[in-house]
Amino acid sequence: IELFSFGSDYPLQRADGTKAMKPVVVFALGGRCSGAVRMGNSVRFPVDEVAGSDLGVYVFDRSSTKFQMGSEDKAFCGGCFFPLTLLVSHAGAVSSGLQDCLTRRHFQAQQLLELLSLTVVRCK
């Protein structure tokens, strides 16, 4: 997973409405978390099963004085869940067929994700 950019159409804001100055993303998959990933960096996760697996995407502002254990809610900018089956189906649509899609080890697709509030993300 590589983080290319944060959209500029809607500036990222923390829960208190303050503009996020140094956003980072924490990715989560299968009980594993990535740690803070900055723009241009990447992270890898082992994936055993794609069906029913959602990639958690959580954005925080590391410039916040509350970006620390126990206070991360105040530095939270938004999050979402991305079903891995969408990645496989999107990448499979441009592959050379179903057999190729089922045996591939790497998938590449660029996605635009819309972030949800902390209360919505916690409901999952």
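Counting from 1, the numbers follow the sequence of the chain as shown.
Under the ring pair (Phe, Tyr, Trp, His ring centres under 6.0 Å) criterion, Phe82 pairs with no residue at all, not counting sequence neighbours. The side chain to side chain contact (heavy atoms under 4.5 Å, CB included) check on Ala20 picks up Leu12, Asp61, Cys77, with sequence neighbours excluded. Partners of Ser53 according to the side chain to side chain contact (heavy atoms under 4.5 Å, CB included) rule, which considers only residues two or more places apart in sequence or in another chain, are Leu29, Leu84. Not a single side-chain hydrogen bond (donor to acceptor under 3.5 Å, both in side chains) links Thr65 to another residue, sequence neighbours left out.
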* To do: Verify side chain to side chain contact (heavy atoms under 4.5 Å, CB included) between Phe60 and Val26, making sure each step is shown before the conclusion.
  => CA-CA 8 Å; Phe60 297 90; Val26 174; 4.0 Å; yes
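Screening residues 16-27 for salt bridge (Lys or Arg N to Asp or Glu O under 4.0 Å), with sequence neighbours left out, gives Arg14-Asp16. Identified under the salt bridge (Lys or Arg N to Asp or Glu O under 4.0 Å) test for residues 73-89, with sequence neighbours left out: Asp73-Arg122.
Two residues are said to be in side-chain contact when any heavy atoms from C-beta on lie closer than 4.5 Å; Pro23 and Met39 fail this criterion. You'll find the side chain of Val25 stays beyond 4.5 Å of the side chain of Tyr58, heavy atoms only.
Residues Met21 and Val59 do not share a hydrophobic cluster, defined by chaining ILVMFWY side chains whose heavy atoms lie under 4.5 Å apart.
The distance from the CZ atom of Phe81 to the CG atom of Leu113 is 12.0 Å, given to the nearest 0.5 Å.
Nearest heavy atom pair, residue Phe45 against residue Leu55, reads CE1-CD1, 4.3 Å. When all heavy atoms are compared, the tightest approach of Leu115 to Cys80 is CD2-SG, 4.3 Å. Considering all non-hydrogen atoms of both residues, Pro83 and Asp54 come closest at CA-OD1, 3.3 Å.
In this structure a side-chain-to-backbone donor-acceptor pair under 3.5 Å is missing from Ser64 to Ala75.
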